[in-house]
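What follows is a set of notes on a single structure, which appears directly below.
Computed from a predicted model, the values in this text were never measured in an experiment. Proteins get letters first, then strands, A, B, ... in listed order; numbering begins at 1 in each.
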4 protein chains.
Amino acid sequence: MRRVAADAKNTRQRILRYSTVEFAAKGYDGARVDSIARRCRLSKNMLYHYFHSKEGLFIAVLESAYETFRMHQRDFVVRHADPIDAMRQLVDYTFEALLENQHIIALLNTANLHKGRHMRRSRVMRSLYDPLLDTIREILQRGAATGAFRPNIDPLNLYLSLSALAYNYISNQHTLKFAFGINFMTKPRRDAWLAHITDLILTYCCANTRH
Amino acid sequence: MRRVAADAKNTRQRILRYSTVEFAAKGYDGARVDSIARRCRLSKNMLYHYFHSKEGLFIAVLESAYETFRMHQRDFVVRHADPIDAMRQLVDYTFEALLENQHIIALLNTANLHKGRHMRRSRVMRSLYDPLLDTIREILQRGAATGAFRPNIDPLNLYLSLSALAYNYISNQHTLKFAFGINFMTKPRRDAWLAHITDLILTYCCANTRH
Amino acid sequence: MRRVAADAKNTRQRILRYSTVEFAAKGYDGARVDSIARRCRLSKNMLYHYFHSKEGLFIAVLESAYETFRMHQRDFVVRHADPIDAMRQLVDYTFEALLENQHIIALLNTANLHKGRHMRRSRVMRSLYDPLLDTIREILQRGAATGAFRPNIDPLNLYLSLSALAYNYISNQHTLKFAFGINFMTKPRRDAWLAHITDLILTYCCANTRH
Amino acid sequence: MRRVAADAKNTRQRILRYSTVEFAAKGYDGARVDSIARRCRLSKNMLYHYFHSKEGLFIAVLESAYETFRMHQRDFVVRHADPIDAMRQLVDYTFEALLENQHIIALLNTANLHKGRHMRRSRVMRSLYDPLLDTIREILQRGAATGAFRPNIDPLNLYLSLSALAYNYISNQHTLKFAFGINFMTKPRRDAWLAHITDLILTYCCANTRH
DNA sequence: GATGAATGAGATTTCATTCAT
DNA sequence: CATGAATGAAATCTCATTCAT
């Protein structure tokens with residue numbers, strides 16, 4: 001009996017894994033239930049058995065991708081007492097996490113295309129809330145206290161800025177490659193971008209003058 | 001129901017206009033040729049007559065959207081001698097342009113999902129190159145010359161940063177709304193964001209210290 | 001005025017010429033009105049103006065192809081007093097005529113596929129009757145009279161045999177090529193076949209024994 | 001309307017059977033997938049499920065028709081020691097086999113119209129090679145050995161002649177009916193034709209004189 | 001819980017034909 | 001006589017979903 005249960009869980013996981021790949025590669029509308037079943041080496045009925053519909057499957061994929069992502073974030077611990085080093089580490093971490101998990105970008109893009117309809121239908125995704133925001137808030141406070149950072153930086157704005165800078169670079173890579181003839185995904189290019197956005201963020205945090 | 005007189009150029013334009021809306025709203029795979037034809041009050045085969053295939057139509061839409069966008073950018077003139085004011089104006093302009101033409105964001109996202117396949121098939125899109133990059137370069141040079149800006153800022157990096165900050169805020173609005181329960185598209189919120197990213201960019205340009 | 005009339009005739013002829021090519025190459029159902037119009041560098045309306053419908057056009061093509069063919073046959077004159085030489089010449093002529101005008105084969109095949117429906121609709125095709133049949137009858141009579149040929153050969157049977165032998169070799173060339181890996185349309189092969197069927201026919205005509 | 005139980009093999013066979021009828025009756029381009037599905041009392045997608053495309057279906061039909069035909073030929077055994085009787089039997093057999101299976105004629109005609117494209121795409125049809133050719137070769141050898149037949153008759157030429165004479169009579173029946181006002185498919189007419197072509201072939205095989 | 005067979009609705013695309021000028 | 005623009009019907013093909021076992 002335990003075996004069966006374990007298998008069921010395995011099957012569910014397998015479906016989720018391959019569905020994630022499919023939905024990330026082709027978007028919600030481009031993804032094919034047939035194709036997912038084939039990837040899973042499973043009959044389509046199983047997908048319906050476990051997830052009820054294509055939309056249900058997509059929602060589950062979103063949830064699990066987010067869950068994974070959130071757990072990643074939770075694992076993140078600020079290893080540096082110094083706020084500047086901590087912030088530097090955070091930028092680094094954010095960019096690397098997205099690079100390693102580009103699926104989440106494609107999934108969020110397709111979710112956004114659908115105006116968030118799928119997310120709203122999810123019971124689980126009630127807290128898409130990113131724990132990094134708290135980390136940012138905490139680092140900013142410590143930085144302000146030590147005088148390393150200017151006071152009154154809005155943590156949400158900083159979070160959005162950091163996300164945008166890391167996310168967009170990856171999300172628009174094909175357009176950018178086409179426009180500038182540059183493959184921005186090579187290691188040197190990625191490193192340069194990380195250095196740049198770190199500079200950008202830190203300069204902002206540390207600045208004391210107004211222009 | 002028979003259409004009147006209608007010359008080809010008009011029809012082509014009409015098709016493009018409505019197709020843009022459809023593709024932007026639903027992505028390449030979610031868009032329906034039927035739906036476009038209905039919007040145009042035209043029979044489907046006309047779309048095929050003018051654009052050959054759904055893909056051909058999408059490419060034409062991308063091209064025309066980009067053309068429009070590029071012309072917008074061309075119209076942009078720096079009205080301020082002062083580099084800081086010029087840069088402020090540029091940020092403002094970029095964000096407003098994207099806000100007013102959110103179609104282009106959705107179109108680029110779906111093009112990116114397809115790994116740029118459509119762009120590569122386009123003969124016209126050979127120069128997606130954004131003229132704003134030149135403007136940025138010029139402003140940076142002037143700012144460095146007057147000492148307002150630090151020297152050696154890479155124009156491409158600044159361009160990418162600015163784009164990311166403006167683009168992502170709009171592109172991910174639904175995820176963000178869901179995550180934070182905030183409608184980021186209200187006028188006050190948009191203004192606040194514009195102020196923030198202007199601050200971010202300018203602080204970066206004007207900073208003279210290293211951290 | 002005469003010019004216009006002349007042009008009209010030209011236009012009709014042009015349409016017929018290109019339609020023949022199209023119908024012969026693709027059969028009735030495979031032929032495309034659009035494609036014909038393009039070949040003619042004419043707007044489709046012209047086809048409808050002159051021929052009323054695709055079917056009307058096909059019938060006209062059949063008629064004209066047959067007309068041409070019949071005129072060819074009429075031109076044929078037996079140049080040899082000797083019945084054997086005359087028959088030899090006839091076989092040669094028949095095979096060469098079909099080789100030079102393979103369109104007629106494809107057209108007749110497609111007409112046969114449609115169970116002769118198109119021919120029956122034609123007013124002009126009332127006498128598809130091949131004048132060669134008369135020539136055969138006459139040669140056979142002369143041959144029987146001189147004792148060169150056996151008596152009582154049925155001209156229709158001989159006509160059908162000759163036609164079948166010449167026609168099928170061309171009509172089934174692709175199947176045969178595929179089955180035997182031989183390109184039967186090379187000059188040496190064609191010559192060999194002509195020699196063979198001449199032999200076959202003449203042997204039959206001249207034989208005096210029963211088996 | 002839901003179908004019962006039905007296993008795949010049966011369904012495949014059913015599709016093939018009705019497709020054969022449709023393709024034979026209307027040619028490749030005239031055949032309608034819809035019409036086949038209706039005949040099969042099956043939804044269209046099943047055809048695509050089993051055969052991938054209309055072309056795939058046609059190829060399968062060709063293959064199966066040929067397979068059937070080849071098996072027929074294999075079943076053929078020369079029951080007569082006497083070469084003349086054997087040849088007579090062969091002619092009879094060939095004509096009857098085509099009469100009973102007129103589908104194959106229509107299918108080959110449409111395959112030829114398409115210049116053999118479909119056959120070349122078939123992996124199975126690699127040996128369209130007709131076993132009757134071997135039989136012919138063997139009969140000719142025996143006939144030559146006994147002196148009943150003249151030596152040096154080319155088996156392939158004889159095969160082609162026999163095929164042409166039997167095939168064309170059936171294939172062109174509608175043209176012939178139209179041209180001569182005779183229904184060549186009545187029993188007496190068919191018998192007469194069989195007698196004639198038997199005579200023609202045997203006369204050729206037995207002749208010892210040159211003309 | 002799992003499968004193979006099947007479906008209905010609808011997707012993209014094609015094509016003979018006609019209208020307005 | 002001639003055209004460019006347009007159409008309606010139907011063609012091929014796809015896809016999320018369900019049934020019977």
- Query: How would you list, by chain and number, every residue that makes a side chain to side chain donor-acceptor pair (under 3.5 Å) with D/Thr68, sequence neighbours excluded?
  - Reply: none
- Query: With respect to the side chain of D/Leu42, which nucleotide from E/dT14, E/dT7, F/dA2 is positioned closest?
  - Reply: E/dT7
- Can you sort out the partners of D/His114 under side chain to side chain donor-acceptor pair (under 3.5 Å), two or more places apart, ordered by chain and number? D/Asp29, D/Arg117
- Item | Separation of atom CG in D/Leu47 from atom C1' in E/dA5, rounded to whole Å | 14 Å
- Note on the structure: Residues in residues 30-37 of chain A with a heavy atom under 4.0 Å of DNA chain F, by number, are A/Ala31, A/Arg32, A/Val33
- Interatomic distance, C/Lys26 NZ vs E/dT14 C1' [rounded to whole Å]: 13 Å
- Message: So, using side chain to side chain donor-acceptor pair (under 3.5 Å) as the criterion, who are the partners of C/Ser171 when residues are at least two apart?
- Response: C/Asn109
- Atom-pair distance (CE on C/Met46; P on E/dT17), nearest Å: 16 Å
- Query: For F/dA5, does OP1 or OP2 lie under 4.0 Å from any side-chain N or O of B/Thr11?
  - Reply: no
- Item | Toward the 5' end of DNA chain F, by each residue's nearest nucleotide, D/Tyr28 or C/His49 | C/His49
- Applying salt bridge (charged side-chain N to carboxylate O under 4.0 Å, His left out) to D/Glu63 and not counting sequence neighbours gives none
- Under the side chain to side chain donor-acceptor pair (under 3.5 Å) rule, collect the residues that match up with D/Ser43, sequence neighbours excluded. D/Asn45
- Query: Does atom CZ of B/Phe51 have more than 12 heavy-atom neighbours from other groups under 6.0 Å away?
  - Reply: yes
- Task: Would you mind reading off the distance between C/Arg14 atom CZ and F/dA2 atom C1', rounded to a whole angstrom?
- Result: 12 Å
- Between E/dT14, F/dT18, E/dT17, spot the one nearest the side chain of A/Tyr48, thanks. F/dT18
- Roughly, in whole Å, what's the span from CG in D/Asp29 to C1' in E/dA16? 15 Å
- What class does the angle between the rings of A/Phe58 and A/Phe23 fall in, given that below 30° is parallel, 30 to 60° is tilted and above 60° is perpendicular? perpendicular
- Item | Partner residues of B/Arg38 under the side-chain contact (heavy atoms from CB on, under 4.5 Å) criterion, sequence neighbours left out | B/Ser35
- Message: Heavy atoms within less than 4.0 Å of DNA chain F: which residues of residues 51-65 of chain D have one? Give them sorted by number.
- Response: D/Ser53, D/Lys54
- Query: Taking the side chain of B/Tyr50 as heavy atoms from C-beta outward, which of E/dT3, E/dT12, F/dA5 is closest to it?
  - Reply: F/dA5
- A/Lys54 meets the salt bridge (charged side-chain N to carboxylate O under 4.0 Å, His left out) criterion, sequence neighbours left out, with none
- Stem list, DNA chain E (Watson-Crick or G-U pairing under 3.5 Å, at least 3 consecutive pairs): E:2-21 with F:2-21
- Item | Sidechain-backbone polar pair: A/Arg120 side chain, B/Phe178 backbone, donor-acceptor under 3.5 Å | no
- Which residue lies more 5' along DNA chain F, comparing C/Arg41 with C/Lys44 via nearest heavy atoms: C/Arg41
- Message: According to side-chain contact (heavy atoms from CB on, under 4.5 Å), who are the partners of B/Ala111, at least two apart in sequence or on a separate chain?
- Response: B/Leu62
- Would you kindly check whether a donor in the side chain of C/Asn45 faces an acceptor in the base of E/dC19, or vice versa, at under 3.5 angstrom? yes
- Task: Mind checking salt bridge (charged side-chain N to carboxylate O under 4.0 Å, His left out) for C/Arg39 and listing every partner two or more places apart, or none if nothing turns up?
- Result: C/Glu22
